[in-house]
Engineer: 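Can you keep this structure in mind? I'll have questions shortly.
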Amino acid sequence: MSTTRPKPRARSPRGRPALGILLLVSLLMGLGLAALLTRSPAPRPADAEAARFSAGRAMVDVERLARAPRPLGTPEHAEARAYLLDRMQALGLDPVVMEGPLSPGSIRRMERWDLSPEAAGYRVRNLVGHLPGRDPTAAPVVLMAHYDSVPGSPGAADDATGVAAILESVRAIQARGPTQRTLIVLITDAEELGLDGARVFFGDYPDRARIGFVINLEARGGGGRAMMFETGPGNAGAVGLLAEVAPHVDGGVTSNSLAVAIYRMMQNDTDFSVPRDRGLAGLNFAFIGRAEQYHRPSSTPEALDRGSLQHIGSQALEVTDRLLRAESLPEAGPDRVYADAFGRAMIVMAAPWGWGLVVVSLGLLAFAAFRSRTALASLLRGAVDGVAFLAGAFVLAQAVRLAAGPMLRRVESAEVYYQLLERLPLMEVATGLALFGAALVFLAGLGGRLRLGWMGVVAVLGLMVQLIGGWDPVSAGMTGLALVAAIAVPPPAASPWPRWLGLIALVLAMGTLTQALLPEAAFLFLWPGLVAAGAAALVAGIDPELMRARIALVPLVAAVLVGAWLLAMAHPVFLGIGMDLPGILALIALLWLSLAAPLALMTPNSPGAGPWRGLAVAGLVLIVAATSVSASAPMVLPG
């Protein structure tokens, strides 16, 4: 009896565009979720229940304080002080004025600002009130903000918002009933000059040695979600407290240990710097959106994002109330690694646990490589290809940013600086478009002429950044790294496994290095790396040949959820350093690629066909659009 072999099932290349569309869908879904995560909560109205924070009630104080600029030594400053004394008295805080000397540096700054230190009597005047607790022996808690502003700015955000949030929080705390320990309400003076008010208080306050915890409220801009961006030393207990109150905060908590680690490396200061340097535990909150309002005449009550007031005030209320009613204050301990999970909860872990994540992630990666028959050499080639993308995307982001105006390090004019602040939202959109475009070009294969073209574009852009933006060793190094990595590694194979696993291996390598050098920041790589390695292991365990289209749901879900989390985290990073170093967001693009890459690289029903080339066209269109967006509003340069 003769037999015939069945003909293989016909395979169609339709799977490639379909998965490419899934890639775009995952990005759009991630962007939508990230937009929800970065929105400030709705402000509560003035008739909200008494025990809750109400931005509607707090706005009365903002409108009164921010009617005009109130720098030290002006009549408006004195009027603001008199108003606040009356408000604190009405709340039963029995306020006193605590005076101290201006520092020589502050006197010089007043003279540069054409202010008169003589008019202020060369003195700062803090306002100090007390809300007594049941136990006078318990360590008190300090809740502080500053009431002065810079010349020319009404300072509705910086820091009328902080002062108003404190007054409304005190009212809500009283509505919740007596507390265990005493609250010290500290409204400082001369913060804008040189933190003089905070130095006077923490240097001269009679009971300063007993202070157990400090909460500071600040702003650098006029909107956006409020972030806890700085802690005192040994923050284990303070971070644990923040995690406990997160579910009770309107809009949830926004914070991560990466922001704290980066801020420590910067030379910026707030009033919180003074108690922090004295070893006091505490938390520092601020919002930094709508940066064009920072220290500007536009920082008015009308322009203020009331949702930002609701967010920072709700966090201040819940943290302070929890501290005041606790039998004991949070204990100091080794700094924690943490990040908020979609604003509604916080993931907190001890720094050494990062090494466990490294081991587990590498085990999952090894399993995926074994099941998919991916050789180590192929995996390493995929990782080096990822380096070429990362470095090239960094250079591209820097070049797109340069189209918007001069780099911050070359700006000497305040006029140009504030024009750049006004263009910051455009810069963020342009950077995002450019990085996503670069990711699509990368996923298109970077083979043959496309690879040579990409190398040429990176080389030209790198040269432009140096010639127009000024010598920058980081951008120069990234340009060279992109070219070397692209030349050294041949175009990847048609199979998606080496490229996907290579990207994951690169992320885990960077996470391991960060875990060794700066463990507070390692979560940025290790958490997405763990999810990506887990997704790869699951796909390899179920379908190592990638013949089932539905298996794409695994990386799709991972890309949407973790991608949204990454995009929400990228937003405050860009607001903080995007004017001079937008290329750092290429790291976020790499992390997203390690999750989303298989949606473009997988080719079910078309083995060996390679990635969908239409991605390259879409990527180039996005890069051109990004450059156009960045350059869409010409700057007016002085002279």
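As a basis for the values below, the full set of heavy atoms in this structure was taken, side chains included, without hydrogen atoms, waters or symmetry mates.
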Engineer: Taking all heavy atoms of Phe525 and all of Pro528, pick out the closest pair and write down the distance.
Structural biologist: O-CD, 3.6 Å
Engineer: Sequence neighbours left out, what passes salt bridge (charged side-chain N to carboxylate O under 4.0 Å, His left out) with Arg220? Give chain and number order.
Structural biologist: none
Engineer: Could you walk me through whether Met569 and Leu524 satisfy the side chain to side chain contact (heavy atoms under 4.5 Å, CB included) test, starting with their C-alpha distance in whole Å, then the side-chain angles of each, then the deciding distance to 0.1 Å, before giving a yes or no?
Structural biologist: CA-CA 9 Å; Met569 188 174 300; Leu524 180 64; 3.7 Å; yes
Engineer: CZ of Arg278: more than 12 outside heavy atoms within 6.0 angstrom?
Structural biologist: yes
Engineer: Working to the nearest 0.5 angstrom, can you tell me the gap between Ser361 OG and Leu526 CG?
Structural biologist: 6.5 Å
Engineer: Begin with the C-alpha distance, continue with both residues' side-chain angles, and end with the deciding distance and a verdict on side chain to side chain contact (heavy atoms under 4.5 Å, CB included) for Arg264 and Thr231.
Structural biologist: CA-CA 10 Å; Arg264 285 176 181 169; Thr231 70; 3.4 Å; yes
Engineer: Can you tell me if Asp340 uses its side chain to pair, donor with acceptor, with the backbone of Met346 under 3.5 Å?
Structural biologist: no
Engineer: Work out which heavy atom in Gly73 is nearest to a heavy atom in Ala120; give both atom names and the distance.
Structural biologist: CA-CB, 3.9 Å
Engineer: Could you tell me the separation between the CD1 atom of Ile347 and the OG atom of Ser257, rounded to the nearest 0.5 Å?
Structural biologist: 11.0 Å
Engineer: Pro498 versus Leu379: any side-chain heavy-atom pair under 4.5 Å?
Structural biologist: no
Engineer: Not counting sequence neighbours, which residues clear ring pair (Phe, Tyr, Trp, His ring centres under 6.0 Å) with Tyr338? List them please.
Structural biologist: none
Engineer: Step through the shown structure and confirm whether more than 12 heavy atoms of other residues, nucleotides or ligands are within 6.0 Å of CZ on Arg276.
Structural biologist: yes
Engineer: How long is the straight-line distance from OG1 of Thr254 back to CZ of Arg225, given to the nearest 0.5 Å?
Structural biologist: 3.5 Å
Engineer: Is there a side-chain contact between Glu191 and Glu218 in this structure, where contact means two heavy atoms from C-beta onward sitting under 4.5 Å apart?
Structural biologist: yes
Engineer: Heavy atoms only: give me the nearest Ala66-Pro154 pair and the separation to one decimal.
Structural biologist: O-CB, 3.4 Å
Engineer: Taking only residues at least two apart or on different chains, which pairs with a member in residues 394-420 satisfy ring-ring contact (aromatic ring centres under 6.0 Å, His included)?
Structural biologist: none
Engineer: Just to verify, what does Val214 make a side-chain contact (heavy atoms from CB on, under 4.5 Å) with, not counting sequence neighbours?
Structural biologist: Val142, Met144, Phe202, Ile211, Phe272, Pro275, Leu280
Engineer: Output a table of donor-acceptor pairs, distance under 3.5 Å, between side-chain atoms of residues 395-406 and any protein atom two or more places apart or on a different chain; print 'none' if there are none.
Structural biologist:
{"from": "Gln398", "atom 1": "OE1", "to": "Gly583", "atom 2": "N", "distance (Å)": "2.8"}
{"from": "Arg401", "atom 1": "NE", "to": "Met579", "atom 2": "O", "distance (Å)": "2.6"}
{"from": "Arg401", "atom 1": "NH1", "to": "Gly405", "atom 2": "O", "distance (Å)": "2.7"}
{"from": "Arg401", "atom 1": "NH2", "to": "Pro406", "atom 2": "O", "distance (Å)": "2.7"}
{"from": "Arg401", "atom 1": "NH2", "to": "Met579", "atom 2": "O", "distance (Å)": "2.9"}

Engineer: Could you work out, with salt bridge (charged side-chain N to carboxylate O under 4.0 Å, His left out) as the rule, every residue matching Arg108, not counting sequence neighbours?
Structural biologist: none
Engineer: Evaluate the side-chain proximity of Ser299 to Tyr294: yes if any heavy-atom separation is below 4.5 Å, no if none is.
Structural biologist: no
Engineer: So, the side chain of Gln315 versus the backbone of Ala226: is there a donor-acceptor pair under 3.5 Å, distance only?
Structural biologist: yes
Engineer: Could you check if a side-chain atom of Asp159 sits within less than 4.5 angstrom of a side-chain atom of Tyr147, using non-hydrogen atoms only?
Structural biologist: no
Engineer: Taking all non-hydrogen atoms of both residues into account, name the closest pair between Ala485 and Val387 and its distance.
Structural biologist: CB-CG1, 4.1 Å
Engineer: Who passes salt bridge (charged side-chain N to carboxylate O under 4.0 Å, His left out) against Asp196, sequence neighbours left out?
Structural biologist: Arg199
Engineer: Just do the side chain to side chain contact (heavy atoms under 4.5 Å, CB included) check on Tyr263 and Asn268 with the steps written out, would you?
Structural biologist: CA-CA 8 Å; Tyr263 190 79; Asn268 297 342; 3.7 Å; yes
Engineer: Has Asn235 got a side-chain atom pairing as donor or acceptor with Ala238's backbone, closer than 3.5 angstrom?
Structural biologist: no
Engineer: Does the side chain of Leu115 come within less than 4.5 Å of Leu72's, by heavy atoms?
Structural biologist: no
Engineer: Contact between Asp335 and Val260 at the side-chain level, heavy atoms closer than 4.5 Å - yes or no?
Structural biologist: no
Engineer: How would you list, by chain and number, every residue that makes a ring pair (Phe, Tyr, Trp, His ring centres under 6.0 Å) with His146, sequence neighbours excluded?
Structural biologist: none
Engineer: To the nearest 0.5 Å, tell me how far Met427 CE sits from Leu420 CG.
Structural biologist: 4.5 Å
Engineer: Determine all donor-acceptor pairs shorter than 3.5 Å in which one atom belongs to a side chain in residues 283-292; sequence neighbours excluded.
Structural biologist:
{"from": "Asn284", "atom 1": "OD1", "to": "Asn216", "atom 2": "ND2", "distance (Å)": "2.9"}
{"from": "Asn284", "atom 1": "ND2", "to": "Glu230", "atom 2": "OE1", "distance (Å)": "2.9"}
{"from": "Asn284", "atom 1": "ND2", "to": "Thr270", "atom 2": "OG1", "distance (Å)": "2.9"}
{"from": "Arg290", "atom 1": "NH1", "to": "Ala303", "atom 2": "O", "distance (Å)": "2.9"}

Engineer: Can a salt bridge be assigned to the pair Asp148 and Arg70 using a cut-off of 4.0 Å between side-chain N and carboxylate O?
Structural biologist: no
Engineer: Determine the minimum heavy-atom distance between Gly392 and Val458, stating which atoms define it.
Structural biologist: CA-CG2, 4.0 Å
Engineer: CG of Leu461 to OG1 of Thr627: how many Å apart, nearest 0.5 Å?
Structural biologist: 8.0 Å
Engineer: For Arg296, enumerate each residue passing the salt bridge (charged side-chain N to carboxylate O under 4.0 Å, His left out) test, keeping only those at least two apart in sequence or located in another chain.
Structural biologist: none
Engineer: Go through the steps to decide whether Asp305 and His311 satisfy the test side-chain hydrogen bond (donor to acceptor under 3.5 Å, both in side chains), and finish with yes or no.
Structural biologist: CA-CA 10 Å; Asp305 179 0; His311 197 215; over 6 Å; no
Engineer: May I ask you to test the Pro71-Pro151 pair for a side-chain heavy-atom distance under 4.5 Å?
Structural biologist: yes
Engineer: Give the intermediate values and the outcome of side chain to side chain contact (heavy atoms under 4.5 Å, CB included) for residues Phe523 and Leu357.
Structural biologist: CA-CA 9 Å; Phe523 77 92; Leu357 296 183; over 6 Å; no
Engineer: Checking the side chain of Ser628 only, and the main-chain atoms of Val624 only, is there a donor and an acceptor separated by less than 3.5 Å?
Structural biologist: yes
Engineer: Search all heavy atoms of Ala393 against all heavy atoms of Leu435 and return the closest pair with its distance.
Structural biologist: O-CD2, 3.6 Å
Engineer: List the atom pairs, with distances to 0.1 Å, where a side-chain N or O of residues 503-522 and a protein N or O form a donor-acceptor pair under 3.5 Å, not counting sequence neighbours.
Structural biologist:
{"from": "Thr512", "atom 1": "OG1", "to": "Leu508", "atom 2": "O", "distance (Å)": "2.8"}
{"from": "Thr514", "atom 1": "OG1", "to": "Met510", "atom 2": "O", "distance (Å)": "2.8"}
{"from": "Gln515", "atom 1": "NE2", "to": "Ala351", "atom 2": "O", "distance (Å)": "2.9"}

Engineer: Restricting to pairs with a member in residues 568-594, which pass side chain to side chain donor-acceptor pair (under 3.5 Å), not counting sequence neighbours?
Structural biologist: Glu428-His571
Engineer: For the CE atom of Met228 and the OG atom of Ser255, what is their distance to the nearest 0.5 Å?
Structural biologist: 3.5 Å
Engineer: Answer whether the closest heavy-atom distance between the side chains of Phe389 and Leu590 falls below 4.5 Å.
Structural biologist: yes
